[in-house]
Asker: 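One structure, pasted below without further comment.
All values reported here derive from a predicted model rather than from experimental measurement.
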Amino acid sequence: MFKTARMRKIKIMTLDKYVAPTVRAFHEQGLIQISDMTESIQQDPELAEMVTPSKATPLTGKISSLLMKANGISDLFGNSLSEGHGLKDKLMSFISPDIPTPREVEDLETEAFLEKAEETLNKVEAKTSVIEGKLAALDSEVSELKSNKSLANNLNNFDMDLALLKDSKYTSVTVGRIDAESASEIKNKLGNLTDELDVFVVPEEKATAIIVVITLKEFTEDVQNTLRDFNFEKFEIGNVEGKPQEIISKADSRLQSIESERATVKSDLRVVAEQWDDEILILKEQLENEKEKNEIFSTFVQTDDTYILEAWVPVKDVEKVEQVMEKASEGHYVIEVIDVEDDYDDEDVPILQTNPGYAKPYEFLVGMYAPVRYHEIDPTILVAIMFPFFFGYCLTDAFYGIIVSLVGIVLIRGLGKTSNTMNSMGYILVACGIWTIILGLATNGFIGDFTERFLDYRLPTVVPLIESFVHPENILILALVIGVIYENIGFLIGAIDNIRYGNVKDAIGSQLCWFVLEAGIVLLALGFLMPAIGMIGMVIGAVLIIACLGMLIYANGFYGVMDVFGYLGNILSYARLLALCLATGGIAMTVNILAELCYDMIPFIGVVLAVIVFIFGHIVNMMFNVLGSFINSLRLHYVEFFGQFFMGGSKKFEAFKASRIFTKIKH
């Protein structure tokens with residue numbers, strides 16, 4: 001329960017004729033994580049003399065090419081099918097996403113499958129390429145029309161055919177915008193270049209002017225260089241004909257007709273997408289699986305007639321692996337199972353967490369911090385117990401807790417069906433919401449003081465000793481007591497891990513010393529408070545406190561004494577539980593007071609304002625404090641709790657396994 005799955009390293013040798021069936025079988029079963037053996041060759045010269053690195057199969061390049069084509073078509077279809085969906089459709093995709101039904105596919109040899117895939121893609125591409133060509137042509141025309149329209153707008157004062165502004169065989173025409181104040185100076189400078197030019201300046205309304213310079217082509221570069229010195233904005237004269245107003249009118253008319261044509265073409269694309277989208281998604285998944293199977297060969301080593309692979313496997317699956325090999329290779333294989341408990345650095349061993357169902361979602365939170373180390377105690381179950389409790393302690397409003405739980409349920413029933421992360425978050429939010437409801441009812445938190453202020457009704461579930469705004473000191477004491485207990489659990493786990501790894505000195509200076517300090521503080525306090533213990537208790541307590549300081553100095557040097565402040569800081573961090581509890585209730589109460597004042601003091605519209613203040617205020621309060629509660633609960637684990645023992649450093653076990661969302665193998 002507190003350990004990750006025990007692992008074994010295996011080495012398998014089989015004849016080259018059986019390696020493809022072996023890879024296919026393991027890919028479907030998902031039992032092993034295959035390691036790259038090329039590193040072993042580099043580190044072992046003797047092994048390098050006997051074997052050579054294997055390579056990805058020759059078909060890998062073709063698979064990648066077909067997969068790229070399938071991805072392009074899939075994106076095209078996806079954009080087409082999603083176009084026109086409104087906010088309601090997008091919201092429904094979160095709340096109730098479509099779950100694909102896997103379709104049975106044949107388990108073909110790679111070459112046969114690729115032949116079939118290429119045929120399908122060519123058939124679909126023959127339809128989409130025509131449609132894409134039409135869309136590209138329309139886009140190109142739209143770009144040209146908009147460019148011509150922009151030019152016509154800029155030259156709107158020119159009552160002439162703009163085609164006359166194009167370059168001829170011998171002359172060049174430069175058109176653009178300048179500052180009106182610079183017009184005279186520009187004319188003078190251009191006149192100094194040559195007499196073979198004409199300059200026209202047409203003033204505009206905003207202290208700017210349009211300038212047209214006509215010259216022989218040999219002077220074009222000199223003209224443009226001169227204009228650049230005067231903040232000149234050049235206009236490109238493209239394929240344009242007619243007067244400005246005619247160009248604008250024709251462009252607007254044509255742009256409208258293009259939109260109609262585009263809608264027709266997109267409608268044709270949607271028909272093709274609806275017909276072939278499922279097929280392409282299935283094909284894409286198959287190609288991805290084929291690519292993975294063919295690339296994995298590059299991690300093997302080989303001799304003339306055999307292949308050797310190396311992998312990690314959970315102990316419970318070793319027998320299954322042997323059964324798979326027996327069937328795939330028809331008994332032509334050799335397997336070596338290596339016990340890694342003592343011989344391997346556990347940082348190299350991948351970890352597979354084995355927590356019970358209720359704790360499984362919290363592996364997501366632990367993994368955000370770092371993967372658990374192989375021999376390290378897995379704290380996921382403790383996180384599953386305490387994280388939602390801390391969240392509820394911070395939020396302590398039953399109504400807010402109901403909303404949080406409902407959001408969690410929506411995630412589970414919605415995106416959680418297609419995403420493991422969203423599924424985990426859903427279950428976490430449900431648990432957080434439940435604890436918030438429990439603690440909110442116990443501390444008299446239900447939309448702040450809503451029931452007492454507006455309904456004149458006191459919740460029967462309130463526990464007087466921990467009522468938020470009556471006995472906050474009790475909530476603080478309880479938070480600190482919980483903090484001491486939880487930190488001590490962390491110290492105990494850290495001490496066990498350090499001793500297991502042979503780091504006894506670290507255990508003394510980082511964990512065991514705090515047990516001695518706490519015992520000393522307790523005895524010292526009892527000596528002051530209880531005459532029966534008296535001086536003996538105080539003396540023993542003082543001795544233990546001094547012993548703690550000695551342990552810190554022994555393990556960490558004289559600066560180790562400063563760790564006492566770190567210890568006290570960690571314990572006091574749990575006071576945040578009270579701070580956020582009061583913040584949630586205090587802001588909620590303030591919102592209620594403001595709503596009541598609006599209702600009582602503002603005539604006519606006071607009722608409407610009261611409702612707006614009440615709803616908006618509580619929404620904002622809930623959003624901010626839900627976020628604060630989640631972050632604070634994470635902090636208490638990541639900083640205060642995990643900091644006492646968590647080592648991390650391993651990598652997660654990633655099985656060599658086919659992705660099967662849209663497909664399943666036909667048996």
Asker: Heavy-atom distance under 4.5 Å between the side chains of Ile237 and Val173, does that happen here?
Answerer: no
Asker: With sequence neighbours excluded, give me every ring pair (Phe, Tyr, Trp, His ring centres under 6.0 Å) pair touching residues 583-614.
Answerer: Phe450-Phe614, Phe614-His618
Asker: Are Glu290 and Thr110 linked by a side-chain donor-acceptor pair shorter than 3.5 Å?
Answerer: yes
Asker: Quick one: CG on Asn239 to NZ on Lys166, what's the gap to the nearest 0.5 Å?
Answerer: 5.0 Å
Asker: Of all the heavy-atom pairs spanning Cys394 and Ser629, show the shortest one and how long it is.
Answerer: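 So the minimum-distance heavy-atom pair works out to CB-OG, 3.3 Å.
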Asker: Between the side chain of Thr215 and the main-chain N/O of Glu196, is any donor-acceptor distance below 3.5 Å?
Answerer: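 A pair under 3.5 Å: yes.
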Asker: Would the Phe387 and Phe390 ring centres measure less than 6.0 Å apart?
Answerer: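 No: the rings miss the under 6.0 Å criterion.
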Asker: Do any N or O atoms from the side chain of Asp161 and from the backbone of Gly242 form a donor-acceptor pair under 3.5 angstrom?
Answerer: yes
Asker: Does His637 have its ring centroid less than 6.0 Å away from the ring centroid of Tyr369?
Answerer: no
Asker: Quick check: closest heavy atoms across Gly176 and Phe232, and the distance to 0.1 Å?
Answerer: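 Result for this residue pair: CA-CE1, 3.4 Å.
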Asker: If we only count heavy atoms from C-beta on, is the Asn122 to Lys69 side-chain gap below 4.5 Å?
Answerer: yes
Asker: Can you tell me how far the CD1 atom of Ile665 sits from the CZ atom of Arg660, to the nearest 0.5 Å?
Answerer: 4.0 Å
Asker: Among residues two or more places apart or on two chains, list those pairs meeting salt bridge (Lys or Arg N to Asp or Glu O under 4.0 Å) that have a residue in residues 617-628.
Answerer: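 Pairs touching residues 617-628 that pass the test: none.
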Asker: Between Asn632 and Arg635, does any side-chain donor sit less than 3.5 Å from a side-chain acceptor?
Answerer: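 Distance-only check fails for Asn632 and Arg635.
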Asker: Judged by modelled atom types alone, do Arg270 and Ser267 share a side-chain donor-acceptor pair under 3.5 Å?
Answerer: no
Asker: Taking the side chain as every heavy atom from C-beta outward, state whether Phe642 and Val366 have any pair of such atoms under 4.5 Å apart.
Answerer: yes
Asker: Any side-chain heavy atom of Glu292 within less than 4.5 Å of one from Glu288?
Answerer: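 No, every pair of side-chain atoms sits at 4.5 Å or beyond.
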Asker: Between atom OG of Ser64 and atom NZ of Lys291, what is the distance when rounded to the nearest 0.5 Å?
Answerer: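 Output value for this atom pair is 4.5 Å.
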Asker: Using a strict cut-off of less than 4.0 Å between a Lys/Arg side-chain nitrogen and an Asp/Glu carboxylate oxygen, indicate whether Arg262 and Glu259 qualify as a salt bridge.
Answerer: yes
Asker: Which pair of heavy atoms, one from Pro100 and one from Ile661, lies closest together, and at what distance?
Answerer: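 Taking every non-hydrogen atom into account, CG-CG2, 3.7 Å.
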